[in-house]
Every structure is written in C-alpha cells, then in structure tokens.
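Reviewing the structure listed below.
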Amino acid sequence: MAIYTFSFFHLLLAILPLMVPHATANLEGDALFALRRAVKDPGLKLQSWDPTLVDPCTWFHVTCDSDNRITRLDLGNAKLSGKLVPELGKLERLQYLELYMNELMGPIPKELGNLKSLLSLDLYHNNLTGSIPSSLSKLSNLKFLRLNGNRLSGRIPRELTKLGSLKILDVSNNDLCGTIPTAGSFSKFTEERFCSFLLMLFFCGYSNFLSGVV
C-alpha cells in the first residue's frame, strides 16, 4: 500500500506541471470569451473565438508568448460595440490592449489595474463614460495611456503620477474637469513636453474643463 501511494504521489508531481498551462489557458480564454459575449461584432472579428478550443492562442487578433500566455489583444477599428468586461483584468501577462476606434460604451473596468505587465492601453475614440479609474496607477510598466475621444468625466486621478514609465498620456476630447496633476512622474516632463501635454488637453480636448496645476 505504501509503494502504491508513493508511486501515485510521484506520478501526480510529474503530471501537474503539464496541467497548469492548460488551466491558465482556459482561465484566459474564459476572460476573452466574456468580452465576446459582452460586445456586438458585425464584422465577425471574433468569429474564431471558440470556447471549446482549449488554447485561445489559436484565436485571431490574440498574441501569446512561449508559455501560451496572452500578451497582446489587437482589436482596434474592429467595429465592436458594447461594454468592456472586468474579466480582462485576469490577463496577467498582457502587454498591449488595443481597443481603439470602436463603439465601446460604459465605464473603464477598475480591474484593468491588475494588468501588471501592460505597456500600452489604447481605448481612444470610443464612447466610454465614467471616471478614469485610479487603479490604473498600479500599472507600473505602462508607457502609453491613450483615452482621448471618449466621454470620460471627473478629474485626472492624482494617483496616475505614480506611473514612472509613462511616456504618453492623452485624455483629450473628453468631459474632464479639475486641475492637472504635475507631481510625481508628471514632474519629470520637460517644459517643452509639458507644454505639449497642455496644448493636447486644451486645444485637442476642447470639451475638457481642466485648469491650473497642483
């Protein structure tokens, strides 16, 4: 009996590493399929997103790394309408979330702040509403944050000044109000770059009601 238990234990240890990637793939596939259920897709861009397939890396517009973890979602200008889903926050290795120039509406899920590997978040030219989630300040690797051309309201969260890697921030052409943060990482902008940032906000983003600095 002891020999049987010992053998089964070692067999389990050998099989378990092979099972983990499949479990992760299913989890990430479920997250993407939640997005598919939440949007209308007249252009059939998501037609290949079949939940019966174990590996979402075989789906169109999805890029994965060597571990079969999703690193990129390319659905810009895909004629999608509907809402973003919080399940997207489960894509732990996602680096590029490209959903620009669609007809997405509703709020930006705060769960996107869980995407610790994210380098680029492009949601510009949609119909997104609500405030900019302060949870985005947890995206320590983020370099490009483009939310322009939506209907976002409220203030630019001061927490975003924690984004030390940020190179581009475009929130123009929204319904934002309040003051423009200049502390933290924002203070590292050169004078020329900061002036460009202000011009982007006030001239490209004429519907914003931003003023002053803090």
Side-chain angles (χ1 to χ4, degrees), residues 10-41 43-80 82-102 104 106-124 126 128 132-147 159-160 162-169 185:
H10 281 76
L11 178 63
L12 183 61
L13 288 179
I15 294 176
L16 189 59
L18 301 176
M19 296 173 62
V20 171
H22 292 291
T24 302
N26 285 334
L27 179 66
E28 296 193 334
D30 290 343
L32 291 188
F33 196 67
L35 176 64
R36 180 183 175 182
R37 291 196 304 267
V39 300
K40 294 182 180 179
D41 177 29
L44 302 180
K45 300 292 186 180
L46 310 181
Q47 190 173 24
S48 66
W49 290 22
D50 184 349
T52 64
L53 297 178
V54 175
D55 188 1
C57 297
T58 62
W59 299 355
F60 291 161
H61 311 292
V62 175
T63 303
C64 295
D65 60 17
S66 58
D67 296 323
N68 282 355
R69 302 292 298 276
I70 297 172
T71 59
R72 188 171 185 127
L73 186 58
D74 287 295
L75 286 167
N77 199 20
K79 300 181 180 178
L80 301 178
K83 295 185 177 182
L84 298 174
V85 293
E87 287 85 351
L88 290 174
K90 297 178 181 179
L91 304 177
E92 296 179 349
R93 294 196 192 177
L94 191 69
Q95 296 179 353
Y96 297 89
L97 181 54
E98 309 295 329
L99 287 165
Y100 56 86
M101 296 180 68
N102 284 291
L104 299 172
I108 299 173
K110 66 180 185 301
E111 288 80 3
L112 296 189
N114 296 329
L115 301 174
K116 299 298 180 60
S117 300
L118 202 65
L119 300 175
S120 179
L121 178 57
D122 285 320
L123 302 177
Y124 59 88
N126 280 285
L128 299 171
I132 299 173
S134 59
S135 61
L136 298 183
S137 64
K138 296 188 294 182
L139 304 176
S140 59
N141 294 308
L142 193 68
K143 294 182 179 181
F144 308 103
L145 177 56
R146 288 175 278 239
L147 306 176
E159 290 87 349
L160 294 186
K162 299 176 184 178
L163 297 175
S165 300
L166 195 64
K167 294 182 178 180
I168 298 293
L169 169 64
S185 62

>> Run Lys90 and Asp30 through salt bridge (charged side-chain N to carboxylate O under 4.0 Å, His left out) and show every step you take.
In response: CA-CA 10 Å; Lys90 297 178 181 179; Asp30 290 343; over 6 Å; no

>> For a side-chain contact (heavy atoms from CB on, under 4.5 Å) check, start with the C-alpha distance between Leu118 and Leu97, then their side-chain angles and the critical distance, and finish with the verdict.
In response: CA-CA 8 Å; Leu118 202 65; Leu97 181 54; 4.2 Å; yes

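Residues Asn102 and Ala78 come closest through the heavy atom pair OD1-N, 2.9 Å. The minimum heavy-atom distance between Leu163 and Ser137, with the atom names listed, is CD2-O, 3.5 Å. For the pair Glu28 and Ile70, the tightest heavy-atom approach, listed with the atom from each and the gap, is OE1-N, 3.0 Å. Across Leu99 and Asn126, no two heavy atoms sit closer than the pair O-ND2, 3.0 Å.
Counting only heavy atoms from C-beta outward, the side chains of Leu46 and Leu75 approach each other to under 4.5 Å. Using a 4.5 Å heavy-atom cutoff, the side chains of Asp74 and Tyr96 are not in contact. By the 4.5 Å heavy-atom criterion applied to side chains, Leu145 and Leu123 are not counted as neighbours. Within the 4.5 Å cutoff, side-chain heavy atoms of Leu88 are placed close to those of Leu112. Using a 4.5 Å heavy-atom threshold, the side chains of Asp67 and Arg93 count as touching.
Residues forming a ring pair (Phe, Tyr, Trp, His ring centres under 6.0 Å) with Phe33 (at least two apart in sequence, or on another chain): none.
In this structure, Glu92 does not pair ionically with Lys116, as no charged nitrogen and carboxylate oxygen lie closer than 4.0 Å. Between Asp41 and Arg36 there is no salt bridge, since no side-chain nitrogen of the basic residue lies less than 4.0 Å from a carboxylate oxygen of the acidic one.
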